Amino acid sequence: MAKIVAGGCGSYDVPLLKEFFTKALAEFGALPAKCKVLLKPNLLSGKAPGKGVNTHPLFVRALAEILVENGCSVFVGDSPGYESTEKALEKSGIMQVMRDLRLGIAPFRKRVTKVNAGISPYRELVLGEDPLDYDLVLNMPKLKTHVMMGLTAGVKNTFGFVPSLDKAKWHLRCKGDNRLFSSVLMDIHFIVNPALTILDGIVGMDGSGPAHGRVRDLGLVAVSDNGLSLDAFLEKTLSIRSPLPLTSLGEEKGLLKEATLVDRGMPKIREFVMPATVEADWNLPPLVRETLRHLFTRKPKCDDKKCNGCKTCVNVCPAGALRMGAKGLLFDYKACIRCYCCHEMCPTGAITV
Amino acid sequence: MKRLLFVSFLVFISGCALLQKKGENLQWPSDITFLKGEGGLDAAWKKEHFSGPFVVSMEYPDRFLLEVYGPFGQTLIYVRKDAGGFLLVAGDEKATDEAVFEERYGFRLSQFMSDLAMRGHRLETPQGWTKEHENYRVDYGQDGRDRRKVCWESTDGSICLTFDAMNLAGQ
């Protein structure tokens, strides 16, 4: 049975966070001293902390300080969507924390092939960092909506182990099939096997996340020894009406564990708005969904006034459905697989869904 | 009319997709003597609620070792039985009397070993096998990742061992 420790934190006050983390970690046993730990925050892109896109640097600092005080050597890393890890760490404010505490960088640029015996049909997965190089991997997602998967939290955050542009290849392989993509996400999560998932939901995002939604003060911090159980818990806490693809598949495959909740003053979160794209995904079989997709699912569009012509969207689109024309961005909606990578990676928020 | 046919076709296809595919059940060995395995243990039994990776080693009926680890690699439960005697370590509690195991879990260690060794009468079910005891039941099946799964179920809760690897090479 999994365990979830959840509580309220109104701000990123480091001493308060450290106090919360110390008590929460104690629920899972004594931290080993002198261990080698990898912290895997959500580092989608080099956005400032106030944008609610990445795990907050002070959240990382509070946990890292506890680990350093415990004699551990701490590394921080992720594979952002299109920037280098170093650049994204710098812009996100996490690099300053790493300098202050002398933490190491895990750039996630290796190519580690893992044999997969999971639920997806793929037998090999390539990761940018080997989780087995560390005594512990601590998964630190940000609580945000995700236009394709509904939420990005515990399980989805470990997709960051896939090296940068390989992520787009997975989107293309799965062709917008949420169920197939969920199976890949789950396999990666089981291979990474984080010791704990520590969720930053103090400032989160709803609406059209994970990059351009509405920034919200949610005040939630949660720690669990099971990322999938944590995701299911969040769906209940946020009053999401129907199970999202990951938890739905986890339940079907018997992988979703029941969890005991240690409530340390959880906040009440009201009116959490899900992406409109999820409302239009009816969990239908692929053949039917593909037929209806072109009629009903939301198409990404470009606001030419906001577009700066950087072509990030063109470069990250796994289906090659975008090109820059003389008058602006052009979409090939027949080729578009509705993964919304363009929306996720657009640095100016010019792509809407 | 065309629209009606199209919608009917979609409803039919949706219905077909909802039909459960019958997967092949894993074959379970019987009368195991040597067992080494590792995987994940989930327990919600009486007041104990925990999960974590485990290793098990058994030479039926004389030797047994089960160790369950917490998220930081610390030992949550350690059970050993061999010629040197019995030892149970669970958190701060340490016991050398085998009766403590029965008090704690409601069945004897020898029963637990017998269940794990697939001894005794069992019935075939659509999911695998089941073995009924007076106070509890043992289900032998598999999870969604085709891993062998053994669950002890009773009114006190459940304890499940899901095997990532199982080695019976001693046989």
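In what follows, chains are A, B, ... by sequence order, proteins preceding strands, each numbered from 1. All heavy atoms count here, side chains included; hydrogens, waters and symmetry mates do not. Just so you know, these numbers come straight off a predicted model, no measurement behind them.
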So how far is it from [X] [atom1] to [Y] [atom2], rounded to the nearest 0.5 Å?
X: B:Gln74; Y: A:Leu31; atom1: CD; atom2: CG; result: 9.0 Å
X: B:Glu48; Y: A:Met1; atom1: CD; atom2: CE; result: 12.5 Å
X: B:Arg145; Y: A:Ser120; atom1: CZ; atom2: OG; result: 9.5 Å
X: A:Phe190; Y: B:Asp164; atom1: CZ; atom2: CG; result: 10.0 Å
X: A:Leu196; Y: B:Phe72; atom1: CG; atom2: CZ; result: 4.5 Å

Give a yes or no on whether [X] atom [atom1] has more than 12 heavy-atom contacts from other residues, nucleotides or ligands under 6.0 Å away.
X: B:Glu132; atom1: CD; result: yes
X: A:Glu69; atom1: CD; result: yes
X: B:Lys36; atom1: NZ; result: no
X: B:Lys46; atom1: NZ; result: yes
X: A:Lys23; atom1: NZ; result: no
X: B:Arg63; atom1: CZ; result: no

Is chain B contacted by the side chain of A:Leu249, its backbone, both, or neither, given a heavy-atom distance below 4.5 Å?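 When you check distances to chain B, no heavy atom of A:Leu249 falls under 4.5 Å.
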
Trace of the side chain to side chain contact (heavy atoms under 4.5 Å, CB included) decision for B:Ser51 with A:Asn226: CA-CA 9 Å; B:Ser51 64; A:Asn226 189 294; 5.9 Å; no

Looking at A:Lys253 and B:Asp143, does any basic side-chain N land under 4.0 Å from a carboxylate oxygen?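 B:Asp143 and A:Lys253: not salt-bridged.
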
Sidechain-backbone polar pair: A:Asp225 side chain, B:Pro71 backbone, donor-acceptor under 3.5 Å: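 No: the side chain of A:Asp225 does not pair with the backbone of B:Pro71.
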
